[in-house]
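This report concerns only the one structure given below.
What you are looking at is a predicted structure, and each value in this text was computed from that prediction instead of being measured. One is the number of the first residue; the rest follow in order along the sequence. All values below were derived from every heavy atom in this structure, side-chain atoms included, with hydrogens, water molecules and symmetry-related copies excluded.
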Amino acid sequence: MLIFNDIVGKNISYTRAHLNYILVYNEKKNPKENDANSKTKIQDSQAREAISKSVFKLAKERKILFELEKFKGYCFKDVAIYTIEEFEQEFVAKINN
């Protein structure tokens, strides 16, 4: 972010108002719930994950993992996290069509 701000000649107030941060991660290499900072370990469950995705979809919000929500409004306008597959469906497929 600092390098970006230096290149475009803007300050952090600009990124707070205009810049969204998107993290694309490999779900197989970086499991969500077993984050190193997590105090409680939760057993993997495809059903729980499906329910969680459905609830967030109904709320029209995205689940923010890896404690990145602290950057929303502080450094960036918004923060979003996608798996590789989700990113390809949401962005790459739309561009290719």
For the OG1 atom of Thr15 and the NZ atom of Lys10, what is their distance to the nearest 0.5 Å?
11.5 Å
With rounding to the nearest 0.5 angstrom, report the CD to CD distance, Glu27 to Glu86.
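Going from CD on Glu27 over to CD on Glu86, the span is 7.0 Å.
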By side-chain contact (heavy atoms from CB on, under 4.5 Å), which residues pair with Glu90, not counting sequence neighbours?
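Residues passing side-chain contact (heavy atoms from CB on, under 4.5 Å) with Glu90: Tyr82, Lys94.
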Output all residues satisfying side-chain contact (heavy atoms from CB on, under 4.5 Å) with Glu85, sequence neighbours left out; order by chain, then residue number.
Thr83
I need the minimum non-hydrogen distance between Val24 and Ile84, along with the two atoms involved.
CG1-CA, 4.0 Å
Shortest non-hydrogen separation from Lys72 to Lys77 and the atoms involved
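Looks like CG-O, 3.8 Å.
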Are Val8 and Phe76 linked, directly or through other ILVMFWY residues, by side chains that come within less than 4.5 angstrom of each other?
yes
Does a side-chain heavy-atom distance below 4.5 Å link Ile12 with Met1?
yes
Is the shortest heavy-atom distance from the side chain of Val92 to the side chain of Phe87 under 4.5 Å?
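Sidechains of Phe87 and Val92: in contact.
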Those residues that, when tested against Glu88, pass salt bridge (Lys or Arg N to Asp or Glu O under 4.0 Å) (two or more places apart):
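Testing Glu88 for salt bridge (Lys or Arg N to Asp or Glu O under 4.0 Å), a comparison that skips the adjacent residues, returns none.
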Using residues 16-23 as the side-chain source, report each donor-acceptor pair under 3.5 Å to any protein atom, sequence neighbours left out, with the distance given to one decimal.
residue	atom	partner	partner atom	Å
Arg16	NE	Tyr74	O	2.7
His18	ND1	Tyr14	O	3.2
Asn20	OD1	Asp78	N	3.2

